[in-house]
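As C-alpha cells, the structure follows; a few thoughts come after it.
All ligand and atom numbering here is 1-based and tracks the order in the structure. Fair warning: this is a prediction, and the values are worked out from it, not measured in the lab.
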Amino acid sequence: MQLTDTEKAMRDGLNGPAVARSMDLLIRYGEALGAERLVETRNVAGAYNASTPSVRSLAEEGFDRVFSELNLDSDEVVDVPRMAVPTCQLITGIDLDNHELQGADPALVEMQRAGEKYLGKRGVNMMCTCTPYQVGNVPVQGEHCAWMESSAVIYCNSVLGARTNVEGKESTGAAGLTGRIPYWGLHRRENRLANRLIRVETEVNDMADWGVLGYFTGFEVEENKPAFEGLTHLPDLMKLKHFGAAAASSGGVEMYHMPGITPEAPTMDAAFGGTARPEAIVFGEAEKRRTWARLQNATDRKLDFVMLGCPHNSIEQMSLVAELLEGRKIHPDTALWVHTPRAIRQIADRSGYTDIIRAAGGEVMSDTCPSISRRMPAGVRVIATDSAKQAHYLPAIGKVQGWFGSVQQCVDSAVAGEWLGVVR
Ligand code: F3S
C-alpha cells in the first residue's frame, strides 16, 4: 500500500491513537482487497449508534469502548476524537419518539439516546436514515464517499454519480476519523461501466412497477452492472430509490446505468465505455407478472400489519399516504406504520400529514424500520408492504407472511383489514 506522508504520519500516531488505529485498519483492509492506495473522502455514512443487548454490556465501560470495538475493530479502548470529515449516522434500531410502540427495552432506548449525544459531540450528524441523500447529504458527481447500506450505495453510485463501495461499520468508523478509504472497486472509473443489458418491453411507470423491475434485475444480474434500454417513462427520486433498493436486495447490484437519465450514461455507448454490448435480458409482460408473483409470500388475506416507507419515504410519499388516508379509518385489527427520516417527519408534522395519518389510526415512524430493528407490532402474522425490499426481507426476518403491492393497495387493505391486492 502506497501511503502519502500525511497518511504515514496518521499511521504513526501523529493525530493520536484512534486515528492510528483507523489507519492501521484501512491499510490492512485495503491490502486484503488489493488496493494500491487510499483515496481522500469528505463524505462518510456509517452505523455507529447500535442498541442491542450485547452492545449494552460494552457501553457499561463507556462509549469509547463501543466505538473502539464496533467501529475500529480494536480490543484496546482508544479516546475517540471529533470526526475528521463530514460523517453521518445511517438507520438505527429504535425510534426514539415511538419506542413504546416498538416495544423496545427502556434501557436500550436510554443507551441509544446517550449514544446520540456521544456521537454528536464527535461530529457525527444524526440523520438516522437509510436515505441520507434525502436530508442534506448529497455528494456531487465523481465525489469519493464511504457509505454503508446497500440501497443508499446504489443510489449514490448510479443516480448521483458519486463513488462508493458497500462499506462496513469498521471501515466507515476509520474513514470518518481519517478522511480516507481504500481506492478499489467502484472508486475506479473502469469498474463502473455496464456489463449487462436489460431490454424493457413493457410499461414501467408507477412505483410498484419500478420495484418489480428492480427485483427482477437483481435476480438476473446478481452483482453486475446493468444498463437499460426501452424505458418509456422518466423515473423520479422515489422510483429510483425504490428500484435500487429492490435490485440490491434480490442481487448485489451497486451500480446501474439508464442512458439519458443517470449521469455517467449520457448514451448507451458511454454506459458500456465503447465496448461490445452483451445479449439483452428481456423484461416483458410475462417477466413482470412472474416477478410480481415471486414477491407474494403469503396465503392468508387477513392482514395484521402494513409497512410503508422502505427506503424511508420522501415528503411527497408522506403527502400521498396522508391523502389516501384522509377521512378513513384503518381496521382495528390492522396496524399501519409509515417510515420516513426524522428530518422529513418534521415537515410531515408541520404540513399536517402526521395528524391525518394518526387520525386514521396509523403511525409515523423514524430512525428505523422493522427489518433493521426486528420490531413490529406484537402478534403480527401477515404483513403487506409497498416495498419490494421489505417484501424480500421481512417474511424471513420476522417469520411472517408478506404481501407486496402499490401504496394504494396497501392503504386500502389496511382500511379493509384484509389484502385486496394481487394474490399471485
Ligand atoms: Fe431502509 Fe430498512 Fe428498507 S434500512 S431500505 S427501510 S429495509
query: Will you find, in the side chains of T92 and Q112, an N or O donor that is under 3.5 Å from an N or O acceptor?
result: yes
Checklist entry - Without hydrogens or angle criteria, can the side chains of H339 and H312 be said to hold a donor-acceptor pair below 3.5 Å? => result no
At a cut-off of 2.8 Å, protein N/O/S around atom 3 (Fe) of ligand 1 gives C310 SG
side-chain contact (heavy atoms from CB on, under 4.5 Å) test vs M365 passes for just one of D97, L101, V338, namely L101
Can you confirm if the NZ or CZ of R65 lies within 45° of the ring axis of F67 and under 6.0 Å from the centre of its six-membered ring? no
Side-chain heavy-atom pair L108, R56 within 4.5 angstrom cut-off
yes
request  = Specify whether W292 and F404 have parallel, tilted or perpendicular ring planes, treating 30° as the upper limit for parallel and 60° as the lower limit for perpendicular.
outcome  = tilted
